[in-house]
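Order of listing sets the numbers, starting from 1, for every ligand and every atom in it. The shown structure was predicted, so the numbers you read here are calculated from the model rather than taken from an experiment.
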Amino acid sequence: MKRESWGSRLGFILAVAGSAIGLANIWRFPYLVGMFGGAGFVFVYFASLLIVGFPVLMAEICIGRAGKKDPSGSFAVLGRSKRWGFMGKITIFTGFWVSAFYSAVAGWIIGYLYEALKGNLTHFRSTADSMAHFEGLLASPAFTLVTHFVFLGISAGILLFGIRRGIERANKFLMPLLFAILILLLIYGLTLPRAGDALTFLFKPNFSALTPLAILSALGQSFFTLSLGQGTMATYGSYLDKKENLIFSCVPILIMDTLVSIIGAAVIFTIVFSVGMSPDAGPGLIFHTLPVVFSQIPLGYILAPAFFLLIAVAAITSEISAIEPSISYLIDEWQVPRKKAVMIVSTLIFLLGIPSALSVNLLSNFTLYGVNFLDGAGWLASNLLIPLGGLFATILAGWRWGAKASIEELSYGAEEVMAKNSWLKGYFWFCFKFSAPVLITIVFLHVLLS
Ligand code: PHE
């Protein structure tokens with residue numbers, strides 16, 4: 001079977017951007033900024049993108065492009081052993097694991113989009129009202145299961161068509177749609193009263209709210225938003241040609257991902273500040289706070305569906321990228337035809353997602369240390385599996401395959417930029433070998449000690 005590849009550079013850029021831009025940008029980033037006091041958090045987040053996130057992104061893409069296989073195959077080839085292949089398998093498993101609970105949560109977004117289209121999100125008088133509505137929906141197992149199924153079904157539908165006709169084509173359509181909605185919402189947000197206060201909150205550093213937890217969350221956020229540590233980028237990189245200039249294609253991706261987080265936060269904050277509410281509600285920000293605001297401001301009945309469509313689109317393009325490593329594993333290592341692989345993997349993900357989907361209703365009493373299945377699954381992914389995968393990738397790139405070889409791989413197709421900016425080599429060398437593995441290890445130690 002001939003291995004598939006991207007049809008164009010733009011296709012690759014949009015697919016990787018589509019993977020990166022997801023719930024973490026438009027939901028998690030704004031609420032973290034809101035909780036951790038604004039711009040100080042943003043500043044630390046930028047720093048962790050530069051010394052950990054971006055280099056690990058490049059390392060993973062290089063691993064894929066050099067290995068030309070699913071992550072297990074590529075890790076085994078470059079690490080020259082089965083043991084490394086096993087570590088690659090762990091990253092595939094992480095993507096699989098993430099895609100299950102991600103789908104359960106993204107299902108709520110699909111449900112909210114449907115609610116918004118029916119006009120059900122614009123009649124709230126208080127947060128208590130909107131919270132009751134949210135909790136009412138989530139209390140129904142039918143709601144959480146059906147929306148999980150629908151979301152996963154859409155994602156699997158795209159994956160059936162393969163790399164060019166599926167992933168690439170979907171991203172070429174969905175990403176411009178996402179940008180258009182986001183820009184329109186931003187323009188609207190900026191016209192609202194107190195928009196200036198919202199922007200000040202976002203951009204004026206207040207370092208007093210920067211607790212150690214905030215710093216760790218910034219680090220984790222930079223990892224999650226770039227879809228690292230779970231085979232995604234190695235898989236997307238494996239469909240890439242050697243001629244591709246990785247610097248030229250990945251820098252725009254980093255910029256897009258960051259811009260969407262910032263603009264997403266600006267949209268949410270301008271909307272929330274306009275009615276004098278506060279953006280520190282945590283995860284409930286988009287489900288509780290925003291609907292109250294949509295009920296009060298002009299054009300709320302249009303804004304609500306536009307906003308949830310935006311998030312749904314972002315989530316779909318991310319979900320497919322978390323699933324693809326498992327599919328490419330079945331295709332590359334077990335010679336399973338793509339359609340069959342998609343059916344097998346998505347069925348398993350649906351089943352694995354069921355406890356997460358039901359954790360807010362039928363299974364809400366099944367808790368471990370007071371944590372339900374969904375939160376536990378997220379905790380395990382963000383604190384253990386994802387950093388572990390990232391650590392494997394940087395140690396492979398920096399030490400086992402070796403910084404020299406991985407930087408050489410990174411330079412194929414980018415010879416001119418690398419020669420003109422000689423500091424780039426030193427930067428990647430330092431990050432692959434030291435800053436990334438050390439900082440990721442700190443995340444682990446924090447988890448183990450806390
Ligand atoms: N990067 C995605 C987001 O920001 C999440 C994701 C993680 C997607 C892992 C794919 C794989 O929401």
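Between the side chain of Ser356 and the backbone N or O of Ala104 there is no donor-acceptor pair closer than 3.5 Å.
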Would you tabulate the side-chain donor-acceptor contacts of residues 370-377 under 3.5 Å, counting partners in other chains and residues two or more places apart, or write 'none'?
residue : atom : partner : partner atom : Å
Asn372  : OD1  : Leu374  : N            : 3.2
Asn372  : OD1  : Asp375  : N            : 2.8

Output a table of donor-acceptor pairs, distance under 3.5 Å, between side-chain atoms of residues 10-21 and any protein atom two or more places apart or on a different chain; print 'none' if there are none.
residue : atom : partner : partner atom : Å
Ser19   : OG   : Ser227  : OG           : 2.8
Ser19   : OG   : Ser321  : OG           : 2.8

When the side chains of residues 261-270 are checked against the rest of the protein, which donor-acceptor pairs come out under 3.5 Å, sequence neighbours left out?
residue : atom : partner : partner atom : Å
Ser261  : OG   : Asn25   : ND2          : 3.0
Ser261  : OG   : Asp257  : O            : 3.3
Thr270  : OG1  : Ala266  : O            : 2.8
Thr270  : OG1  : Val267  : O            : 2.9

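For ligand 1, residues of the protein lying within 4.0 angstrom by heavy-atom distance are Ser19, Ala20, Gly22, Leu23, Ala24, Asn25, Tyr102, Phe224, Thr225, Ser227, Gln230, Thr232, Ser318, Ser321, Ala322.
Judged purely by distance below 3.5 Å, without hydrogens or angles, the side chains of Ser8 and Arg164 never pair a donor atom with an acceptor atom.
At a threshold of 4.0 Å, the pair Glu244-Arg65 does not count as salt-bridged, since none of the basic side-chain nitrogens sits closer than that to a carboxylate oxygen.
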